[in-house]
Protein chains: 2
Amino acid sequence: MSEPRRIDAAERILDTAQQLAQTCGFNGFSYADIALQLGVTKASLHYHFPSKAELGRALIARYRERFVEALAAIDHRGGKATGKLRSYVKLYHEVMHLDRMCLCGMFAAEYATLPPAMQEELRRFFDANELWLSGVLERGRSAREIAFRDPPRERARVLVGTLEGAMLLARAYGDDKRFQCVARHLLAELTPAPPAPPPAASRTAPPS
Amino acid sequence: MSEPRRIDAAERILDTAQQLAQTCGFNGFSYADIALQLGVTKASLHYHFPSKAELGRALIARYRERFVEALAAIDHRGGKATGKLRSYVKLYHEVMHLDRMCLCGMFAAEYATLPPAMQEELRRFFDANELWLSGVLERGRSAREIAFRDPPRERARVLVGTLEGAMLLARAYGDDKRFQCVARHLLAELTPAPPAPPPAASRTAPPS
DNA sequence: GTCTATAGGCAGATAGAC
DNA sequence: GTCTATCTGCCTATAGAC
């Protein structure tokens, strides 16, 4: 009762700004756009977020926090590395299914024009992603659930980069399949032989 | 002599606009930025490109034409599919090495805010890329120079998406290695066993 | 073709009433 | 906290002299 988790004004502003940013980019929307969509004035937005730079920083911070929470939830559910990676890909797919780009992928494109505070926050997002993925990959390989040769950190970067790129193009073509096709390929790559057990691993056989 | 291929004003404008667009995005630069860099006035830019939409369209068109020419040059040099793919990746790497994003990858992020003429031109760029890659992949597989299971068209999309995404992140981190690491992985994937000739193609053997 | 000058609009941001 | 009113500056674009 005392904290009814009511959606306060700042949250509603962030919601609208995020949707606009994911669609149009940080340089592609204005306070006027948010105000119009919320039915308030530009001045009231400045009360909550004095500058657009501060609004942008808050956008990334919240996005990252929510993402990290989602990753913790995946861990909490347990299961194999393959399942976790599938869940990870699903996070991206859900975003894209709303005809949006990943907020941070979008901002990465505009990186050079962003205020320094936003640039730092942005890197924190990708760092968190890589860290989580590295862990899943490494433990999954140890448990023989997945297979790959390169260092987990590098492979994590391949995954993030590939998913962001796939979203970028899928959205431009308005075609979910372009994303799914890449995502499927990415997961299949890590599980060399799902039905038939041993393909033909002669000298690359892992130590028993 | 009659056509000394002098760099006319329109070309110089496009050069500057392209560099700005690849760094800041279409919504991230203005006529004033171009004018300042070239030492001319904004008004003179409008003589060559009446509207920014027309400038943007011309930017993509020229970028695509040059890219297609580069692909034709790769074909003309001949060689194996692996070499052609390496050359293709090199085209991306050269762009990134100038601390720029691929013009069309950048515009893909801003897709929703672009004038229709630019959206169409943009898709033509990616279509041309996919078409060329599909051909190289298909012929390379027939010649046993590379190996992959999915349809060539799909694999072409994986390549384009992955390279664009890798550029996006590498540029945000100002780190070439992030791109190279993904690129290396992408090529290695297509050549499963470089030293040992036949991996173990039993039932997936192509007709002789 | 390039210039000066300027139009008309929208951007982010602030002051002060309620 | 939200409003009206306003400021300043930059944006794309145009008119017309040279």
Side-chain angles (χ1 to χ4, degrees), chain A residues 2-60 106-107 110 112-119 121, chain B residues 3-21 23-60 106-107 110 112-119 121:
Chain A
S2 56
E3 301 281 356
R5 174 55 80 196
R6 81 180 191 294
I7 301 150
D8 64 3
E11 286 288 304
R12 295 180 66 228
I13 293 168
L14 286 174
D15 289 342
T16 305
Q18 181 177 323
Q19 178 245 311
L20 285 164
Q22 288 184 278
T23 309
C24 307
F26 189 68
N27 298 322
F29 78 94
S30 69
Y31 271 48
D33 296 322
I34 307 171
L36 187 73
Q37 204 157 315
L38 287 177
V40 295
T41 60
K42 289 189 291 172
S44 76
L45 302 180
H46 280 283
Y47 171 81
H48 298 280
F49 302 97
S51 71
K52 199 182 175 189
E54 169 52 27
L55 171 63
R57 200 208 52 75
L59 274 178
I60 305 175
M106 182 66 92
F107 286 176
E110 300 175 291
T113 70
L114 298 180
M118 285 182 67
Q119 294 180 336
E121 207 73 62
Chain B
E3 302 277 357
R5 174 54 81 194
R6 83 180 191 291
I7 300 150
D8 63 3
E11 286 288 304
R12 295 181 64 231
I13 293 169
L14 286 175
D15 289 342
T16 304
Q18 181 177 324
Q19 178 245 312
L20 286 163
T23 309
C24 306
F26 189 69
N27 299 322
F29 77 95
S30 70
Y31 271 48
D33 296 321
I34 307 171
L36 187 74
Q37 204 158 313
L38 286 177
V40 297
T41 60
K42 292 184 288 172
S44 76
L45 303 180
H46 280 283
Y47 171 80
H48 297 279
F49 302 97
S51 72
K52 199 182 175 189
E54 170 52 27
L55 171 63
R57 201 207 52 74
L59 274 178
I60 306 176
M106 182 66 93
F107 286 176
E110 299 175 291
T113 71
L114 299 179
M118 286 182 68
Q119 294 180 336
E121 207 73 63

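None of these values were measured; they are calculated from a predicted model. Every chain is numbered from 1, with letters handed out A, B, ... down the list of sequences.
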Where along residues 46-54 of chain A does a heavy atom fall under 4.0 Å from DNA chain D?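 Only A:Tyr47, A:His48 qualify.
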Note: contacts of residues 31-38 of chain B with DNA chain D (heavy atom, under 4.0 Å) are B:Tyr31, B:Ala32
Who passes salt bridge (Lys or Arg N to Asp or Glu O under 4.0 Å) against A:Asp15, sequence neighbours left out? A:Arg62
Backbone N or O of A:Phe26 within a donor-acceptor pair of the A:Lys52 side chain at under 3.5 Å?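 Yes; at least one donor-acceptor contact below 3.5 Å.
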Side chain of A:Glu110, backbone of A:Asn27: donor and acceptor closer than 3.5 Å? yes
At how many degrees, to 10°, do the end axes of the helix from C:dG1-D:dC18 to C:dC18-D:dG1 meet when each uses five pairs?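 The value is 0°.
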Give me the atom names and distance for the closest heavy-atom approach of [X] to [Y].
| X | Y | value |
| --- | --- | --- |
| A:Arg12 | A:Leu38 | NH2-CD2, 3.8 Å |
| B:Ala21 | B:Phe29 | CB-CE2, 3.8 Å |
| A:Thr41 | A:Ala35 | C-CB, 3.8 Å |

Side-chain N,O (B:Ser30) to OP1/OP2 (D:dC10) below 4.0 Å: no
Any A:Thr41 side-chain nitrogen or oxygen under 4.0 Å from OP1 or OP2 of D:dT2: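 Result: no.
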I need the [atom1]-[atom2] distance between [X] and [N], as an integer number of Å.
| X | N | atom1 | atom2 | value |
| --- | --- | --- | --- | --- |
| A:Leu45 | C:dT14 | CG | C1' | 14 Å |
| B:Glu11 | C:dG1 | CD | C1' | 17 Å |
| A:Phe26 | C:dG12 | CZ | C1' | 11 Å |
| A:Ile13 | D:dT2 | CD1 | C1' | 11 Å |

For A:Ser51, check side-chain hydrogen bond (donor to acceptor under 3.5 Å, both in side chains) against everything at least two apart and list the hits.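 With neighbours one apart ignored, the set is empty.
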Taking C-beta and beyond as the side chain, do B:Phe49 and B:Leu14 meet within less than 4.5 Å on heavy atoms?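 Contact flag for B:Phe49/B:Leu14 side chains = yes.
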Look up atom NZ in A:Lys42 and atom CG in A:Asp33, then write down how far apart they are to the nearest 0.5 Å. 10.5 Å
Separation between OG1 of A:Thr16 and CD1 of A:Ile34, rounded to the nearest 0.5 Å: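 Reported value, rounded in 0.5 Å steps: 7.0 Å.
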Per A:Ala43 side chain, nearest of listed nucleotides C:dA11, D:dA5, D:dT12: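 Between C:dA11, D:dA5, D:dT12, the one nearest the side chain of A:Ala43 would be D:dA5.
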Compare the minimum distances between each of D:dT2, C:dA5, C:dT2 and the side chain of B:Ala9, then state the nucleotide with the smallest one.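 When the side chain of B:Ala9 is considered, C:dT2 is the closest of D:dT2, C:dA5, C:dT2.
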Only pairs under 3.5 Å count here: list side-chain donor-acceptor contacts from residues 53-60 of chain A, not counting sequence neighbours, and write none if there are none.
from	atom 1	to	atom 2	distance (Å)
A:Glu54	OE1	A:Arg57	NE	3.3
A:Glu54	OE2	A:Arg57	NH2	3.4
A:Arg57	NH1	A:Glu121	OE1	3.2

